[in-house]
Amino acid sequence: MTMFSVLGALLFIACTGWTVGAMLGRKPGSALVPGRRPRRSAHRGEPRRVDVLMLGFSGSGKTLMLAGLFSRFRFGGASGITLYADDASERDLERIIGRIQDTEDGFLPEATPPGDPRTWSFGVRVDVAQGRRADAFTLNYLDYAGEYAAALAGAEGETNEAFTAALRRTDILMGVLDGDDVRRVLVGDARPETLVRIERLLRLLVRTDQRCVHLVISKWDTLVDRDGRRLGLDEVVSRLEQASDNFRDFRLNPRFSTLRIIPVSTFGHGFAKPDADGRMVKRPGAPWNPLNVDFPFSCAVPDILTGDVALMSAHRSGQGNRTTLSPERLAKVTLAVLDLAGLVLKASGHGLLVAVPINAIVEHVRESLPRWLVRQPAAAPRFDEDAALAKVLEYCYARTAAFDEQWYVHPPVRRRGEVSDV
Amino acid sequence: MSENAWPFLIGRARNAGYRVVVVPDFMADAASVDALSGAARDVRLPADAACVRELHGLPGGAVLVVYRSFTPRGGDYGLGADELTDGFGRPIRVTEGVVLRRAATAGLPPITVADLEQARAAVAGPYRDFWQQERDYTRRVSAGFPLGAAEDSRPRPVRLEKAEPWGPVQSVRARVDAAPRRPTRRTLGASAVAAAVLITALVVGRNLITATPRSSPPAASVLGDFCDALKAGLPEAAYGFTSPQLRDTVSSAAFARELLSTAPRAATCTYAVDVASVTAAHGTVTVGTGSTPPTAWSVSLAPGPGASWLIYSLTQVS
């Protein structure tokens, strides 16, 4: 028996050694990778992922917004940014888009039924140079039954642990206020429960940990007063504040470093109008021009960077360019963007040392981006993913800047050249 | 004596959102209702088919859920002839079926169309009440009825399509909390020596182990929980099912990167396991994220130092 025992032990040591050796060697198709590589190269070649969650109740328009977002990036346009999905998802989304566009079809997507949430994964692909294409990152959009959000906020109904876990982990969180609810409050048609529903959503957003939270007001095309006059965003916000002190408190909460209030309409203006029962009916032959549906995407990378910089700032120690955070606390996209901007992160036993003051990181990234984009056409294919990320970042900054000029952001947006104190 | 089945229904009313409208009387606790809501998700199947799914980790033990979804017309529930729509004008989906108090390992029961029709007859009244009472409706519980009891001269069997087992996230988390903590800065040599001591003990005690009925979860159950964790987007929970030796070699972050490289959660996760002996099992786990082709992993398992089998190696199948 003793001999068998020793033999067994030796065999096990041999097997363990083989397994470890195979792993450390990271042969293709071999096994899991140990997490002991140098940090500076750690994010190279690793998948970058951005998770977006639209937090809204049933009927607020989440699934329609997903279709609108996909539609917006189907053909690339001047930016060359296209979203790619697997064949089954592509088929589902094309079917929804086709039926939305058909004004003779009274179609509205079914409410997302209960069940564990579904993640729609999109490759964010960019034409980089000389016919080369590369994925900047993977965008994940969670679709779920709005009842789970309502139950989490205190309404009757079942909760879903998978949804709750996703809410905690998501990178980008966008609260979706149902524009029809907002309109009813503003014109005095709302039942008491309508305002309760709005405030419950705000409370859910307050309870989350994400620093970059935005508020989407869906169905913006329906926001008209009793005379049919379109309401402006400033007017909507100020009248909501009059109707709800809680809305004002939410908006002024300093915990949200940058809160955008984004009017979104998947139908766009003039595509549909409410019938006598309040249901949206399409106007025959009307063109489909969704409004601001791209924002969950456009805000994503700048917001993740801003959120991470704020996190670094909150853990600042001593000098303005030192943080106690470890690189693992930062998103891969953030590490990639810093790499792109030539910002060296030096890991030390007590955290990270950044090449520039933490509160100047965002500005530095924005300033270095054009230089990188000028350089990049000649870059080698191994830099294609970085080039793709740079192009997406350029698009996103331009898009959010245009939005901030035109719409509503709290606190007031700083202009280029101003150094933000995060 | 035939087996009992308990009807259930998940649906919504015009102005009241989706909820579990009827639940088996032994699943009336909140955790079981949440589990039924999460697991019996909308399916689109031919008329003669239904989905069957095992739910484990419930307070009352494992159950099998047989269900199907459809877009009802009012006539299906005595609510007029029109298609049922919600307050936004959207078609409504209803999921209904039966729950059996058995695990999948006990095999699949023969279910007939008459059984499902009997289940519908049991839930139609409560759904009608829900439609009328909306938010004031209180969830009803159903009693079991014996399968095959309906009078049917030519019973038509329902084709059952098996879905992956489902486990609540909470039960996975609890297991992770209970899992041994990762030792700090343990050297490879120390790990190997510790493992050698463990294996020696196992070899010495082999006769004792084979003679003693094991109360620990079987290897298949561990892989089931492993898959559940990946599907719930909790790679750190899945990491808890790996051996200390593997955890010494691979960090939690690297593990998550490899298993869920393109999505926050697995869209699909299937597994097969072959228990070669009381100390060794081998299997395959196939993880799909929806955006890329599924990845197959070859796994080897062995009883861990605790009460459960653990994954000792995980190798991507090229």
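Every chain is numbered from 1, with letters handed out A, B, ... down the list of sequences. Keep in mind it's a predicted model, so treat the numbers as computed, not measured.
Counting heavy atoms from C-beta on, the side chains of B/Arg265 and A/Asn140 never come closer than 4.5 Å. Side-chain contact between B/Val20 and A/Glu158: present, with at least one pair of heavy atoms (C-beta onward) separated by less than 4.5 Å. Looking at heavy atoms from C-beta onward, A/Asp116 lies in side-chain contact with B/Trp166 at the 4.5 angstrom threshold.
More than 12 heavy atoms of other residues, nucleotides or ligands lie within 6.0 Å of CG in A/Asp275, so this atom counts as buried by the packing criterion. The 12-atom threshold is exceeded at CD of B/Glu134, counting heavy atoms of other residues, nucleotides or ligands nearer than 6.0 Å. For B/Arg14, the CZ atom is densely surrounded, since the number of other residues' heavy atoms within 6.0 Å is greater than 12.
Contact count against chain A (heavy-atom pairs under 4.5 Å) is highest for B/Gly38 among B/Ala39, B/Gly89, B/Gly38, B/Gly17. Per-residue heavy-atom pair counts under 4.5 Å with chain B were compared for A/Asn160, A/Thr159, A/Thr119, A/Thr170, and the maximum is reached by A/Thr159. Of the residues considered (B/Arg12, B/Lys231, B/Arg44), B/Arg44 shows the highest number of contacts with chain A, using heavy-atom pairs under 4.5 Å. In terms of heavy-atom pairs under 4.5 angstrom with chain B, the leader among A/Phe122, A/Trp120, A/Phe137, A/Tyr148 is A/Tyr148.
Neither the backbone nor the side chain of A/Asp135 comes within contact range of chain B; no heavy atom of the residue lies under 4.5 Å from a heavy atom of that chain. With a 4.5 angstrom heavy-atom cutoff, A/Glu90 does not touch chain B via any of its atoms. Looking at A/Leu139, there are no atoms closer than 4.5 Å to chain B (heavy atoms on both sides), in backbone or side chain. Proximity to chain A is absent for every atom of B/Ala267, based on heavy atoms less than 4.5 angstrom apart. If you measure heavy-atom distances from A/Ala85 to chain B, you find no contacts under 4.5 Å at all. For A/Ala166, the parts sitting under 4.5 Å from any heavy atom of chain B are the backbone and the side chain alike. Heavy atoms closer than 4.5 Å to chain A are found in the side chain of B/Thr85, but not in its backbone.
When atom types are taken as modelled, the side chain of B/Arg19 and the backbone of A/Gly157 share no donor-acceptor pair closer than 3.5 angstrom. Between the side chain of A/Glu147 and the backbone N or O of B/Tyr18 there is at least one donor-acceptor pair closer than 3.5 Å. When atom types are taken as modelled, the side chain of A/Arg169 and the backbone of B/Gly233 share a donor-acceptor pair closer than 3.5 angstrom.
A distance of 10.0 Å separates CG in B/Asp136 from CD in A/Glu156, rounded to the nearest 0.5 Å. Between atom CZ of residue A/Arg118 and atom CZ of residue B/Arg41 there is a gap of 8.0 Å, rounded to the nearest 0.5 Å. The structure places CG of A/Leu64 at 11.0 Å from CZ of B/Phe88, a figure rounded to the nearest 0.5 Å.
Considering all non-hydrogen atoms of both residues, B/Arg90 and A/Ser58 come closest at NH2-OG, 3.3 Å.
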With side-chain contact (heavy atoms from CB on, under 4.5 Å) as the criterion, how do B/Thr71 and A/Glu110 come out once you've worked through the C-alpha distance, each side chain's angles and the decisive distance to 0.1 Å? CA-CA 10 Å; B/Thr71 306; A/Glu110 292 159 355; 4.0 Å; yes
